Amino acid sequence: MTRLTGRNFMDLDDYSREEILLILETTKELKLELKRGYFHPYLKHKSLGCIFDQPSTRTRISFELGIQQLGGYVTYLKPGEIHLGKKESIYDTAKVLSRFFDAIMIRWNNYDEMKELADAATVPVINGMTEKNHPCQALADIYTMMERFDPIGGKKVVFFGDRTQPAHSLGLICSKLGLNFVHCCPEKYAILPDYTDIYARNNLISGGTYQHTDNIDEACKGAHLIYTDVWWWIGQEAEEDERKKLFAPYQVTAEILAKCDKNVIFEHCLPAMRGVEVTDEVMDGPHSVIYDQAENRMHTEKALMVLLMS
Ligand code: CP
């Protein structure tokens with residue numbers, strides 16, 4: 001039997017296809033239980049510490065509310081309000097937090113520092129987003145797709161725009177589960193080999209594929225999921241004008257969705273810049289599943305906590 005108890009959740013590549021499917025199957029069970037009004041205390045009296053170095057809406061709410069629904073407790077450690085990495089070493093912080101909490105969720109804009117914390121901690125550490133990846137987001141992205149397409153294997157997933165953390169992690173989960181992942185954007189912003197090499201290795205096992213193209217028609221042909229994210233992020237503000245110009249043709253519009261499979265769905269990790277990377281018509285249109293996707297952050301993260309902490 002597959003067990004994930006005590007593991008860190010730093011990167012999807014640390015998890016096998018079977019382990020990822022276990023998280024997604026557990027998500028389905030927990031979501032169904034909640035919709036039927038059952039609140040099983042799978043994590044009764046367990047505690048979660050949530051560290052954020054940046055603001056968050058979805059990640060914070062899904063972990064805080066999620067563990068409370070499971071019978072546990074949560075402490076929110078606000079951006080800039082703990083000593084981590086400033087007055088106290090990462091090592092000492094990890095050791096101390098491990099004495100208080102049964103797991104630590106951390107959003108931190110430095111993957112290597114987060115890894116240092118995870119290596120020193122004696123309880124599971126969950127990656128709530130770094131400058132490289134967003135594995136929790138990818139779980140919700142794929143779970144939301146599974147609610148629309150069964151099976152998902154062999155389906156075509158197209159990410160429009162910059163190589164953001166959700167793009168990296170979406171490509172990774174697709175390569176684990178055997179989906180065909182396409183990154184559509186100008187060549188300059190294509191996903192780099194530090195990720196595409198991993199996709200290639202996983203695709204040999206899963207049967208998935210990875211492709212970069214700047215050709216919108218080619219990307220859209222037969223696409224089942226169109227996904228986009230913001231065109232600039234923390235530290236890239238000075239590139240705003242250049243990015244707006246280069247990414248403009250890749251704004252997700254109704255015309256783009258019309259080129260895809262008739263059952264195509266639209267996803268965005270949110271927050272979105274409406275009218276920039278995507279139009280209101282798409283965000284609020286019949287193909288959009290963005291609010292299901294946001295809600296599913298909580299269901300997938302509850303499953304993750306149950307499996308790692310119980
Ligand atoms: N998608 C996502 O991580 O949202 P938040 O920044 O609101 O947590």
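In each ligand, atom 1 is the first atom listed, and ligand 1 is the first ligand listed. Bear in mind that the values here come from a model prediction, so they are computed numbers and not experimental data. Throughout, residue positions are numbered sequentially from 1 according to the sequence presented.
With hydrogens and angles left out, the side-chain atoms of Ser62 and Glu301 include a donor and acceptor closer than 3.5 Å. Between the side chains of Asn110 and Glu131, no donor N or O sits under 3.5 Å from an acceptor N or O.
Looking only at protein heavy atoms, the nearest one to atom 7 (O) of ligand 1 is Thr57 N, 2.7 Å.
Near Arg297, meaning under 4.0 Å from any of its heavy atoms, are these atoms of ligand 1: 1 (N), 2 (C), 3 (O).
Atom NZ of Lys221 has 12 or fewer heavy atoms from other residues, nucleotides or ligands within 6.0 Å.
The option from Arg58, His134, Gln137 that lies nearest to atom 3 (O) of ligand 1, judged by heavy atoms, is His134. Among Gln165, Arg107, Gln54, the residue whose heavy atom lies nearest to atom 6 (O) of ligand 1 is Arg107.
For ligand 1, the polar-atom distance check against Thr59 finds a nitrogen or oxygen pair separated by under 3.5 Å. For Met129, no nitrogen or oxygen atom sits less than 3.5 Å from a nitrogen or oxygen atom of ligand 1, counting backbone and side chain alike. Taking distance alone, with nitrogen or oxygen atoms compared against 3.5 Å, Leu270 approaches ligand 1 more closely than that limit.
Residues His45 and Tyr73 bring their aromatic ring centres within 6.0 Å.
In this structure, Asp162 does not pair ionically with Lys188, as no charged nitrogen and carboxylate oxygen lie closer than 4.0 Å.
In this structure, Met10 and Asn133 approach most closely via the heavy-atom pair O-ND2, 3.3 Å.
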